[in-house]
Amino acid sequence: MVEIISALSVLAYITLFLILTLRTAHASGRSVWLFGKGVKQQVLPAFLFRISFVGAAVYSIVVLLADREATDPIQAAFEGPVSNLIGSVLAIAGSSLAFYSQVHMGRSWRIGAVAGELGRIVQTGPFAFSRNPVFVGQVLLFAGLLLASPNFVTLSLLLVLIVAVHLQVLIEERVLNEDLGDEYRIYCRKVRRWI
């Protein structure tokens with residue numbers, strides 16, 4: 001049952017992420033997909049995000065449709081009721097945090113960072129505690145999926161996502177620092193990168 005809850009959390013988050021992204025682009029009258037724009041193209045993080053999101057969606061659909069046996073050595077070693085329960089709670093909490101943070105950004109929401117196409121710095125709500133609450137939520141969601149369904153696939157998806165997030169944050173910080181200057185540097189002194 002916990003695998004199903006975590007799988008549903010993943011699918012719900014990805015669906016809401018895409019819907020909100022499209023709505024934000026429509027409301028702002030501009031593309032919010034910035035991975036392929038600008039001098040600092042974000043090809044590798046974009047590729048890794050696609051792998052992790054598509055992989056998690058496909059995996060979640062398989063969980064919902066298939067009756068699987070525990071054959072993965074990671075699953076055999078780590079699966080248990082406590083791990084599964086913690087995983088489900090993390091998946092729900094992570095998807096909720098990531099989605100709420102995306103909603104809270106409003107018209108500042110974008111995927112990627114390009115100088116001259118950034119919104120205002122959002123410093124309220126979850127952004128008062130973390131400069132990257134969307135990414136924190138996404139990592140919690142994938143960590144929850146791993147704990148609820150421990151196997152090589154979910155471990156790989158989590159690791160790919162962590163690398164994508166790390167690379168993207170480094171790019172975004174450079175662009176925000178160059179584009180927004182002192183306003184962003186003051187925000188960085190007040191709020192930590194993660195938590």
Donor-acceptor pair, distance only, cut-off 3.5 Å: does the side chain of [X] make one with the backbone of [Y]?
X      : Y      : value
Ser130 : Phe127 : no
Ser149 : Leu146 : no
Gln42  : Ala113 : yes

Is there a path of hydrophobic side-chain contacts, each under 4.5 Å between heavy atoms of I/L/V/M/F/W/Y residues, joining [Y] to [X]?
X      : Y      : result
Leu65  : Ile4   : yes
Leu170 : Leu48  : no
Leu85  : Leu141 : no
Ile19  : Val54  : no
Phe152 : Val63  : yes

Closest non-hydrogen atom pair between [X] and [Y], with its separation:
X      : Y      : value
Leu97  : Pro126 : CD1-CB, 4.2 Å
Leu140 : Gly94  : CB-CA, 3.7 Å
Ala57  : Val10  : N-CG1, 4.3 Å
Leu145 : Ser6   : CD1-CB, 4.0 Å
Pro133 : Ser101 : CB-OG, 3.2 Å

Apply salt bridge (Lys or Arg N to Asp or Glu O under 4.0 Å) to [X] and list each qualifying residue two or more places apart in sequence or on a separate chain.
X      : answer
Arg185 : Asp182
Arg192 : none
Glu183 : none

Do Glu173 and Val169 make a side-chain contact, defined as non-hydrogen atoms from C-beta onward lying under 4.5 Å apart?
yes
Non-hydrogen side-chain atoms of Val62 and Val153 separated by less than 4.5 Å:
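Side-chain contact under 4.5 Å: no.
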For the atom pair [atom1] ([X]) and [atom2] ([Y]), what is the distance rounded to the nearest 0.5 Å?
X      : Y      : atom1 : atom2 : answer
Leu159 : Ser52  : CG    : OG    : 11.0 Å
Ile92  : Leu8   : CD1   : CG    : 9.5 Å
Asn151 : Glu3   : CG    : CD    : 8.0 Å
Arg120 : Met105 : CZ    : CE    : 8.5 Å
Ile162 : Leu157 : CD1   : CG    : 11.0 Å
Ile186 : Lys190 : CD1   : NZ    : 7.5 Å

Intermediate values then yes/no, side chain to side chain contact (heavy atoms under 4.5 Å, CB included), Asn132 and Trp194
CA-CA 6 Å; Asn132 299 286; Trp194 303 118; 4.0 Å; yes
Intermediate values then yes/no, side chain to side chain contact (heavy atoms under 4.5 Å, CB included), Phe129 and Val191:
CA-CA 6 Å; Phe129 305 101; Val191 179; 5.8 Å; no
Non-neighbouring partners of Phe17 that pass ring pair (Phe, Tyr, Trp, His ring centres under 6.0 Å), sequence neighbours left out:
Tyr13, Phe53, Trp109
Sorted by chain and number, sequence neighbours left out, ring pair (Phe, Tyr, Trp, His ring centres under 6.0 Å) with Tyr100 holds for His104
Between Ile171 and Arg174, is a side chain to side chain contact (heavy atoms under 4.5 Å, CB included) present by the stated rule, with each step listed?
CA-CA 5 Å; Ile171 292 167; Arg174 270 196 316 271; 3.7 Å; yes
Verdict with supporting geometry, Tyr184 and Glu178, side chain to side chain contact (heavy atoms under 4.5 Å, CB included):
CA-CA 9 Å; Tyr184 181 68; Glu178 291 169 7; over 6 Å; no
Just jot down the side chain to side chain donor-acceptor pair (under 3.5 Å) partners of Gln102, sequence neighbours excluded, or say none.
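By the side chain to side chain donor-acceptor pair (under 3.5 Å) rule, Gln102 matches Thr21.
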Matching residue for Phe142 among Leu147, Leu158, Thr154 - test: side-chain contact (heavy atoms from CB on, under 4.5 Å):
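When Leu147, Leu158, Thr154 are each tested with Phe142, the side-chain contact (heavy atoms from CB on, under 4.5 Å) holds only for Leu158.
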